[in-house]
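Starting from 1, each residue takes its place in the sequence as its number.
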Amino acid sequence: MNSLAEQSLACQRKAISLGALVPLQTEILRSASWDPFILRKLQGYTPKQLKEVGPKQNPFSPWDKNLELNKLDQHILLLNKYPVEPGHLLLITKDWKPQTGWLSECDWQALREVWQKQGGLWFFNSAPEAGASQPHRHLQLLPRAMGEVICPEAEKFEANAVANKSAWPWQVGLKATPNNELPSLDFLIRTYAELTENYGVGNPKRDKIPLLPYNLLISNKWFVLIPRSKEGHKGFSLNALGYAGFLLATAESNLAWLHENGPAQLLAEAAIPNH
């Protein structure tokens, strides 16, 4: 275990004891209807941030110091206040930056700085329609140990990235990461601009703001962009993790519909058809 992982777990234990961090209690529901996706059912009440629609209070203004792990040049690394998985990290900007704006070179530099200390699954939800729960700029990381499976869709992302194809009925832009290593700053910036341009999200240098909501999923093997049409379907709220193979059901989610139609249809309803 590296120092950042040890630090985050120690900070998490302390934050839980102080009531600053509240892990969500879930039960994994298994069914051939959605295998190999992992479906967790939220136990107890649904936190406000999962059920409120529209503008919300910004929890990062100011951020909770009990959740702070590290200060970077222009970013702060925090623990997620309501994690489903232990060690869930948030990389937020110190100053106000809109979640709906373009990711900047500074954002990518900060991501790489954290990545050098902790690998895993990076993801970004660009707007409420893409599952973003807060208006303040934040990227997210689910830490993974060396050799641990990144997410249920990892092999499919890797195979399609290497083959330079897309096997989904919705639009998925993806590119293989060189040498299965921490990508360079140049690769991250170029790939982001290339995929947003090619999939109708816009050009960071030309367009003031993105033209479509979108999700990003990034590992040491692939960089994935998914344009979005809406936030969810049949009571399921979908962010980037849904497209990685992690689904979260609440009391409002229609499990009978999911049993009948499967996760592919659920995800297709909230994405853009691949014509």
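- In this structure, Q25 has no side-chain hydrogen bond (donor to acceptor under 3.5 Å, both in side chains) partners at least two apart in sequence or on a different chain.
- Side-chain atoms of T93 come within 3.5 Å of backbone N or O of D95 as a donor-acceptor pair.
- Between the side chain of N160 and the backbone N or O of A167, at least one donor-acceptor pair lies under 3.5 Å.
- Here the closest non-hydrogen pair linking A193 and T196 is O-OG1, 3.1 Å.
- The aromatic rings of H233 and W257 lie perpendicular to each other, with more than 60° between the two planes, well past the 30° mark.
- Crowding of K14 atom NZ: a count of heavy atoms from other residues, nucleotides or ligands under 6.0 Å not exceeding 12.
- Evaluation of the ring-ring contact (aromatic ring centres under 6.0 Å, His included) rule for F123 yields H88 as partners, not counting sequence neighbours.
- Judged by distance alone, the side chain of E27 and the main-chain N or O of K41 form no donor-acceptor pair under 3.5 Å.
- With S253 contributing its side chain and G235 its backbone, the two residues share a donor-acceptor pair below 3.5 Å.
- Contact detail for I92 and W63: the closest heavy-atom pair is CD1-CE3, 4.0 Å.
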- Query: For L212 and I272, what are the C-alpha separation, side-chain angles and deciding distance, and is it a side-chain contact (heavy atoms from CB on, under 4.5 Å)?
  - Reply: CA-CA 10 Å; L212 291 172; I272 295 177; 3.7 Å; yes
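- Side-chain contact, Q109 with E113: no donor N or O sits under 3.5 Å from an acceptor N or O.
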Any chance you could lay out the side-chain contact (heavy atoms from CB on, under 4.5 Å) test for S8 and L89, step after step, and finish with the verdict?
CA-CA 8 Å; S8 65; L89 302 177; 4.3 Å; yes
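- Closest of all the heavy-atom pairs between F37 and P152 is CA-CB, 4.4 Å.
- Residues forming a salt bridge (Lys or Arg N to Asp or Glu O under 4.0 Å) with R30 (at least two apart in sequence, or on another chain): none.
- Contact detail for T177 and P183: the closest heavy-atom pair is CG2-CB, 3.8 Å.
- Around the CD atom of E260, the shell of radius 6.0 Å holds no more than 12 heavy atoms that belong to other residues, nucleotides or ligands.
- Remark: E85 engages R144 in a side-chain hydrogen bond (donor to acceptor under 3.5 Å, both in side chains) (not counting sequence neighbours).
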side-chain contact (heavy atoms from CB on, under 4.5 Å) between W122 and L188, intermediate numbers included: CA-CA 12 Å; W122 284 96; L188 292 170; over 6 Å; no
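- Applying the salt bridge (Lys or Arg N to Asp or Glu O under 4.0 Å) rule to E158 yields the partners K221; only residues at least two apart in sequence or on another chain are considered.
- If you chain together hydrophobic residues whose side chains sit under 4.5 Å apart, I150 and L91 never meet in one group.
- Side-chain N or O atoms of D107 include one that pairs as donor or acceptor with a backbone N or O of S104 at under 3.5 Å.
- Checked against side-chain hydrogen bond (donor to acceptor under 3.5 Å, both in side chains), N66 has the following partners two or more places apart in sequence or in another chain: D64.
- Judged by distance alone, with hydrogens and angles left aside, the side-chain atoms of N215 form a donor-acceptor pair with the main-chain N or O of A130 at under 3.5 Å.
- Residues passing the salt bridge (Lys or Arg N to Asp or Glu O under 4.0 Å) test with E68 are K65, sequence neighbours excluded.
- With sequence neighbours excluded, the residues that form a ring-ring contact (aromatic ring centres under 6.0 Å, His included) with W108 are Y192, F223.
- In this structure, K97 places its NZ atom where only 12 or fewer heavy-atom neighbours from other residues, nucleotides or ligands lie under 6.0 Å away.
- For S126 (side chain) and T100 (main-chain N/O), no donor-acceptor pair under 3.5 Å exists by modelled atom type.
- Residues P23 and I16 approach most closely at CG-CD1, 3.8 Å, considering heavy atoms.
- Scanning all heavy atoms of the two residues, the minimum distance from C11 to L69 falls at CB-CD2, 3.7 Å.
- Qualifying side-chain hydrogen bond (donor to acceptor under 3.5 Å, both in side chains) partners for E155, counting only residues two or more places apart in sequence or in other chains: none.
- A 6.0 Å sphere centred on CD1 of I209 holds no more than 12 heavy atoms belonging to other residues, nucleotides or ligands.
- Judged as a salt bridge (Lys or Arg N to Asp or Glu O under 4.0 Å), and not counting sequence neighbours, R228 has no contacts.
- Residue L216 is tested with T191, L139, N125, L103 for a side chain to side chain contact (heavy atoms under 4.5 Å, CB included); the sole match is L103.
- Residues passing the ring-ring contact (aromatic ring centres under 6.0 Å, His included) test with F60 are H136, H138, sequence neighbours excluded.
- The backbone N or O of L72 sits less than 3.5 Å from a side-chain atom of K94, completing a donor-acceptor pair.
- Put simply, the side chain of W115 never gets that close to the backbone of N220: no donor and acceptor are under 3.5 Å apart.
- Following chains of ILVMFWY side-chain contacts shorter than 4.5 Å, one cannot reach F124 starting from V224, and the two form parts of different hydrophobic clusters.
- Here salt bridge (Lys or Arg N to Asp or Glu O under 4.0 Å) pairs that include residues 168-188, with residues two or more places apart or in two chains, are K175-E194, D186-R190.
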